[in-house]
Amino acid sequence: MKKILLTLLCAAAAFALRAQSIQPSDPEATPEARQLLERLDKIRQKGIMYGHQDDLLTGSTWFEVEGNSDTKTATGDFPAIAGCELGELELGFDRSLDSVSFAQIRKMAKWFYERDGILTVSWHVVNPITSQWPGIKEPNGAGSAWEVEMLSADGLNAVRSVLPGGENHALFNSWLDRLAKFFLSWRDSEGKLIPFLFRPYHEHSGSFFWWGRGRCYDEEYAALFRYTVDYLRGRGLHNIIFMYNTDKVYSREDFLRGYPGDAYCDFLSIDWYGSGAEFERNVKNAFDFLSEMAAQRGKLFALSECGPLSDGLQRVLADYKCSYLLTWRNAPPRHPMPQFKAPTAKQLNKMSAEERARYEAFLRMPKPDDLLRALKADPHYLFYEDIKDIR
Ligand code: BMA
C-alpha cells in the first residue's frame with residue numbers, strides 16, 4: 001500500500017513539475033528557442049533582469065560605436081537584455097526610424113547572442129493607410145505608427161485593411177516578407193537562427209498606435225497578431241519567442257481583450273511608465289494578476305517598458321518571478337537632451353530663497369545613473385554578468 005502511495009505521489013509531483021515548466025507556444029520551436037525559454041525560466045528563479053533599449057547601438061552621447069553601452073559606463077556591466085527597434089524596415093530602408101542601421105542591428109544581435117546576452121525586438125511599423133498618402137514622412141510624424149487621429153474601429157480601420165480581404169493586405173504581406181527576410185539573416189557563427197524575444201503591436205490597450213484599442217476591434221487585433229505569427233512561422237522562423245503586450249491595465253479582463261491565444265505567445269507583458277505611490281499600487285495590482293495568469297497558462301511575464309527607475313518600483317517588482325524590466329533608449333540623437341549646466345557662484349548668490357530651495361532639491365534628486373547603480377547593487381536584479389553563465 002505504502003509503495004503504491006509513494007508511486008502515486010511521485011507521479012503527481014512529476015506531473016506538477018511538468019505542468020509548471022514553460023512549454024514553447026510553437027510546437028516546432030528550434031532547440032535554441034527551447035533552450036532560451038528554459039534558460040529564462042531558470043533566470044527568473046534567481047532574479048529580475050535589467051533590459052535597456054538600444055543599449056548596444058546608441059547612447060546619450062554616441063551613435064553606433066561597437067562595444068559602447070551607457071549601462072556599462074554607469075554600472076561596469078551590460079544589461080542582461082538588449083533591445084532593438086525595427087520600425088521602417090518594412091519600407092525597405094537601410095536605417096530604422098531612429099536612424100540606426102539594420103546591418104548594425106544584425107551585427108549587434110550576433111555579438112550579444114554569442115556572448116550569452118538576451119535580445120528583444122520592437123517594431124513601430126508605419127501606418128498602412130496614411131504612410132501611402134503624400135505628405136511629410138518624418139519619424140514619429142505623418143504616416144508613422146503614431147498617426148492615428150483619423151482611424152477608428154468603425155471608420156478608417158488600418159488593422160482591417162491589412163487582414164486577408166483588406167485593401168492593404170498585399171502591401172502588408174510585402175512588409176512581413178521584409179521582416180522575415182531580416183530575421184532569417186540573424187544567424188550565429190554556425191549558421192543557426194538566433195533566438196530572440198519579439199513584441200509586435202505593443203501597448204495595444206492604448207489607442208496611440210494604429211493597432212491600438214480605439215482604432216480596431218479586439219478580434220481584429222487578435223487576428224493581426226495571429227496572422228503575423230503564422231506568417232513568420234510559415235517562413236521557417238521557429239526561433240522567435242513572441243510577447244503579447246499591453247499598456248496600463250487594471251484587470252485581467254482588460255489585459256486579455258484582444259489576446260491572440262496561448263498558441264501565439266510565450267510572454268505576457270505590460271509597459272507602464274510612471275513613479276510614485278499610485279503608480280506602485282497599480283503596478284502591484286497588475287503584477288498580481290499577471291503573475292497568476294502567467295503561471296496558469298505556463299507563460300513568462302515582464303515589465304517590458306518602464307521609466308524612470310525608482311526605489312518604489314524596484315521594491316514592488318522584487319516580489320514577483322518577473323523575467324525583466326526594460327527602460328527605453330537614452331537621449332534620441334534627433335532630440336538631444338539639454339545638457340545640465342551648474343550655476344556659477346554669482347548666479348547662485350542672485351537666486352531667491354525659493355529658487356535656491358528648488359535647486360537644492362534638484363541636486364538631492366537621484367539621477368538616472370544613480371538609480372541604475374542602485375538596481376545593479378540590488379541582489380533581486382540581474383545584469384549581464386549575473387546571467388551569462390546561467391544555462
Ligand atoms: C519612442 C520614442 C521615439 C522612437 C520610438 C521607437 O518611444 O523614443 O523617439 O522613435 O520610441 O524607438
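In listed order, ligands and their atoms are each counted from 1.
Residues satisfying the ring pair (Phe, Tyr, Trp, His ring centres under 6.0 Å) criterion with Y320, sequence neighbours excluded, are F287. Annotation: ring pair (Phe, Tyr, Trp, His ring centres under 6.0 Å) contacts of H169 (sequence neighbours excluded): Y227.
Using the six-membered ring where Trp is involved, F112 and F78 have ring planes that are perpendicular, over 60° apart on the 30 and 60° scheme.
Heavy atoms of D54 found under 4.0 angstrom from ligand 1: none, in either backbone or side chain. At a heavy-atom cutoff of 4.0 Å, ligand 1 is contacted by the side chain of R329 but not by its backbone.
Near L97, with a cut-off below 4.0 Å to any heavy atom, the atoms of ligand 1 are 10 (O). In summary, the atoms of ligand 1 found under 4.0 Å from a heavy atom of E85, numbered by their order in the structure, are 6 (C), 12 (O).
Looking at R356 and E360, a side-chain N of the basic residue comes within less than 4.0 Å of a carboxylate O on the acidic one, giving a salt bridge.
The side-chain contact (heavy atoms from CB on, under 4.5 Å) with W175 is formed by just one residue from the set L171, L179, D177; it is L171.
Heavy-atom separations between W146 and ligand 1 include at least one value shorter than 4.0 Å.
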